[in-house]
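Taking it in order: structure first as structure tokens, then the write-up.
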Amino acid sequence: MHEEEILVTRPSMPPIEEYIEELRDIWESRWLTNMGAKHRELQQRLEKYLTVQHVDLLTNGHMALELSMQALRLTGEVITTPFTFASTTHAIVRNNLTPVFCDINENDYTIDVDKIENLITERTSAIVPVHVYGNICDVERIQEIADEHNLKVIYDAAHAFGVRYKGKGICSFGDVSCLSFHATKVFNTIEGGAVCFNDRNKDFGLDIYRLKNFGIRNEECVDAVGANAKMNEFCAAMGLCNLRHVDEEIKKRKKIADIYRKAFEGTEGLKLNPIQKDVETNDSYFPVIFNEGRFGASRDAVRAKLAENNIFARRYFYPLTNTFEAFHGKYDPSKTPVALKYSREVLTLPIYAGLPPKEAARIADIVLSCKK
Ligand code: T4K
């Protein structure tokens with residue numbers, strides 16, 4: 001038995017001295033939260049890094065989704081996918097909107113654009129697609145559909161930090177893109193998130209700024225029922241440090257992904273993440289789909305074998321959100337068959353910048369040893 005446990009991910013952290021240096025400013029200014037200097041600086045730096053016109057920082061990716069839906073004044077039904085983290089669906093439901101679940105495509109696990117139009121009714125106000133594992137949605141087709149039917153598009157871009165498509169930051173597509181800067185993400189601010197939007201949505205910018213601060217317009221006027229979702233200075237400081245190293249961290253992830261890819265190449269019964277055309281990915285996750293019939297072992301058998309070796313891969317995303325107990329059987333997962341099948345077959349293997357390459361090779365060997 002190997003002694004040290006290997007988790008699916010470990011947070012990227014800067015040298016501690018770098019963080020302490022940022023903290024000194026906070027101590028001196030005694031400005032701890034409410035859109036302080038670190039918050040503003042990180043916003044500006046992210047706008048540049050992500051090549052988007054506007055970034056607004058929030059406490060987490062979930063609040064980015066929830067408040068974006070509120071700010072865009074969505075009503076009725078929202079088309080989305082169930083092959084995602086709880087947050088996407090919960091943000092819709094918590095806005096008193098009805099999620100209408102569209103299946104994912106078999107290739108890259110994002111929304112199946114050929115199935116969206118059939119789900120549009122006169123009550124539909126938006127599409128909330130999810131960029132999954134660093135794979136991007138078909139942003140061009142989605143925009144065409146949205147324009148034709150006058151729908152808003154809010155991307156859940158929690159997995160897509162820094163991803164570029166045709167040289168453009170992926171968060172410049174749609175009306176809004178929501179990022180997560182949770183500890184487990186490619187870029188973290190401990191907890192944190194952001195909305196990205198462009199000039200054509202200027203009013204959205206004012207609304208989100210207000211909504212993350214209780215709906216306060218000024219000292220005498222509170223004209224929206226907002227929340228408290230302001231990123232504090234300590235989180236923003238962590239972001240400033242991590243941003244300096246993020247390219248290096250993504251390169252290290254890529255190395256791990258390459259090791260897995262090489263080891264699994266041509267193995268019958270394994271489906272790996274596709275390499276999408278014109279996309280610079282961030283290798284945020286390394287999902288493998290296990291076809292039990294052809295590989296000879298189920299996803300759960302492989303997961304158990306890894307666990308015996310103290311390696312804890314995760315089943316992102318299982319169960320599907322449209323099967324959650326919280327919804328009391330309201331949604332029918334058989335209507336999203338591809339998502340349902342993959343949720344039972346997918347295992348995301350450990351991948352993070354600090355994972356030693358030789359451990360990745362060992363993990364791959366253990367996976368392959370399960371083949372019958
Ligand atoms: N949309 C999508 C598509 C998302 O994936 C997410 C978040 C969101 C929206 C919402 O964004 P946030 O509101 O979270 O900003 C984790 C994360 O908590 C969650 O942020 C993430 N998605 C999701 C995919 O993964 P869990 O429940 O799996 O977390 P947990 O605690 O089991 O941690 C995962 C692994 O990371 C463990 O093996 C331990 C390790 N870990 C974790 C933490 C917190 C560390 O090594 N250090 C740490 O500090 O949800």
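Counting convention: from 1, in listed order, for ligands and their atoms alike. One-based numbering along the sequence shown.
- The heavy atom nearest to atom 3 (C) of ligand 1, out of those in Leu65, Thr84, Leu179, Asn60, is found in Thr84.
- Scanning all protein heavy atoms for the shortest distance to atom 37 (C) of ligand 1 gives Arg314 NH1, 4.0 Å.
- Taking the side chain as every heavy atom from C-beta outward, Pro15 and Glu18 approach each other to under 4.5 Å.
- Ligand 1 places these atoms under 4.0 Å from at least one heavy atom of Tyr285: 24 (C).
- The atoms of ligand 1 that sit less than 4.0 Å from any heavy atom of His159 are 3 (C), 4 (C), 5 (O).
- Nearest protein neighbour of atom 46 (O) of ligand 1, counting heavy atoms only, is Arg10 NE, 2.7 Å.
- Contacts with ligand 1 closer than 4.0 Å are made by side-chain heavy atoms of Tyr316 only, the backbone lying farther away.
- Hydrophobic side-chain contacts under 4.5 Å tie Ile275 to no other Ile, Leu, Val, Met, Phe, Trp or Tyr residue.
- The distance criterion of under 3.5 Å between nitrogen or oxygen atoms is met by Gly61 with respect to ligand 1.
- Closest to atom 42 (C) of ligand 1 among all protein heavy atoms lies Thr184 CG2, 3.7 Å.
- Given atom 4 (C) of ligand 1, the protein heavy atom at minimum distance is Phe85 CB, 3.4 Å.
- Judged purely by atom type and a 3.5 angstrom limit, Thr323 has no side-chain atom pairing as donor or acceptor with the backbone of Pro319.
- Within ligand 1, the atoms closer than 4.0 Å to a non-hydrogen atom of Ser87 are 8 (C), 9 (C), 10 (C), numbered from 1 in the order shown.
- Under a 4.0 Å heavy-atom criterion, Phe83 is not in contact with ligand 1.
- Residue-ligand proximity: Pro11 is placed with a non-hydrogen atom under 4.0 Å from ligand 1.
- You'll find the side chain of Val130 stays beyond 4.5 Å of the side chain of Thr110, heavy atoms only.
- Hydrophobic clustering, with ILVMFWY side chains joined whenever heavy atoms are under 4.5 angstrom apart, keeps Val288 apart from Tyr109.
- Protein heavy atoms are absent from the 4.0 Å sphere centred on atom 31 (O) of ligand 1.
- Close contacts of ligand 1 with Gly192, meaning ligand atoms under 4.0 Å from a residue heavy atom, involve 15 (O).
- The heavy atom nearest to atom 7 (C) of ligand 1, considering only His131, His62, Lys185, His182, is found in Lys185.
- Closest to atom 40 (C) of ligand 1, if we only count protein heavy atoms, is Thr9 O, 3.4 Å.
- Both cation-pi conditions hold for Lys168 and Phe173: the charged atom is under 6.0 angstrom from the six-membered ring centre and inside a 45 degree cone around its axis.
- Here Val222 sits in one hydrophobic cluster together with Phe214, Ile216; the rule is ILVMFWY side chains under 4.5 Å apart, joined directly or through other members.
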